[in-house]
J.: 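My questions all concern the structure below.
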Amino acid sequence: KINGIVLLSLNESEIQNFGIKSIEELDSFIDLLKQLQKNDNHSNQNKQNKSTIIIPGPSALPEDLTCPLSNKLMIDPVIAQDGNTYERKAIEEWFKNGNNTSPITGEQIETFLIPNKLVKNQCEKW
């Protein structure tokens, strides 16, 4: 369930978590919300239920596009020395916290990171 006020404050990435990938889908989503609100206003439901809309959860993120540290869709994917791809902010935070090992293999690694353009393009398409 999501409160209507909360819905209005969602940012772009939070909207994408609902599986909305394009302006057209967003327009359809808004139209659906307006229709639900209109139907709700005409119903005899109590006041508490009027501001609540049930929205299906997000579709599962593909594992290849999900950061193993944050478990979120990557926006700025980078390859670490262990050969794995991470969200830049997440792996940088890992290193900042004093870790000098791979979060996956446990092997000692350098902090040098390489942008992963292929995964970034896939994430943007998804």
J.: Treating Ile, Leu, Val, Met, Phe, Trp and Tyr as nodes and any side-chain heavy-atom pair under 4.5 angstrom as an edge, say whether Ile75 and Leu118 lie in one connected cluster.
T.: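 Looking at the clustering, Leu118 is in a separate group from Ile75.
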
J.: With rounding to the nearest 0.5 Å, note down the distance linking NZ in Lys120 to CG in Asp76.
T.: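 Lys120 atom NZ to Asp76 atom CG measures 5.0 Å (nearest 0.5 Å).
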
J.: Minimum heavy-atom separation for Leu69 and Pro103, please, with both atom names.
T.: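 Taking Leu69 first and Pro103 second, the nearest heavy atoms are CD2-CB, 3.6 Å.
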
J.: Just how far is it from atom OG of Ser102 to atom CH2 of Trp94, taken to the nearest 0.5 Å?
T.: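 It comes to 8.0 Å.
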
J.: Taking it one step at a time, do Leu113 and Gln81 satisfy side chain to side chain contact (heavy atoms under 4.5 Å, CB included)?
T.: CA-CA 7 Å; Leu113 303 170; Gln81 188 182 13; over 6 Å; no

J.: Report yes if some heavy atom in the side chain of Ile109 is under 4.5 Å from a heavy atom in the side chain of Asn100; otherwise report no.
T.: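 No - every pair of side-chain heavy atoms lies 4.5 Å or more apart.
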
J.: Would you please say whether a donor-acceptor pair under 3.5 Å links the side chains of Asp82 and Asn84?
T.: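 Present: a donor and an acceptor within the cut-off.
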
J.: Report yes if some heavy atom in the side chain of Ile104 is under 4.5 Å from a heavy atom in the side chain of Tyr86; otherwise report no.
T.: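 Sidechains of Tyr86 and Ile104: in contact.
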
J.: Shared ILVMFWY cluster between Val78 and Val119, side chains joined below 4.5 angstrom?
T.: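 Per the 4.5 Å side-chain linkage, Val78 and Val119 are not co-clustered.
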
J.: Distance from Met74 atom CE to Gln122 atom CD, nearest 0.5 Å?
T.: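 Going from the CE atom of Met74 to the CD atom of Gln122 covers 9.0 Å.
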
J.: State the OG1-NZ distance between Thr111 and Lys96, to the nearest 0.5 angstrom.
T.: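 One finds 14.0 Å between OG1 of Thr111 and NZ of Lys96.
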
J.: What is the distance from atom OG1 of Thr66 to atom NZ of Lys72, rounded to the nearest 0.5 Å?
T.: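 Separation between the atoms: 12.0 Å.
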
J.: Do Pro115 and Arg88 have side-chain heavy atoms sitting under 4.5 Å apart?
T.: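 They are in side-chain contact.
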
J.: After noting the C-alpha distance and the side-chain angles of Asn116 and Thr85, does the key distance pass the side-chain hydrogen bond (donor to acceptor under 3.5 Å, both in side chains) rule?
T.: CA-CA 7 Å; Asn116 190 332; Thr85 299; 2.8 Å; yes

J.: Is a donor on one side and an acceptor on the other found under 3.5 Å between the side chain of Gln108 and the backbone of Thr101?
T.: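 No; judged by distance alone, with no hydrogens or angles, the pair does not exist.
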
J.: Checking Asn99 side chain against Phe95 main chain: does a donor-acceptor pair fall under 3.5 Å?
T.: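 Side chain of Asn99 to backbone of Phe95: no pair is present.
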
J.: Rounded to the nearest 0.5 Å, what separation is found between the CD atom of Glu87 and the CD atom of Glu92?
T.: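 CD of Glu92 is found 9.0 Å from CD of Glu87.
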
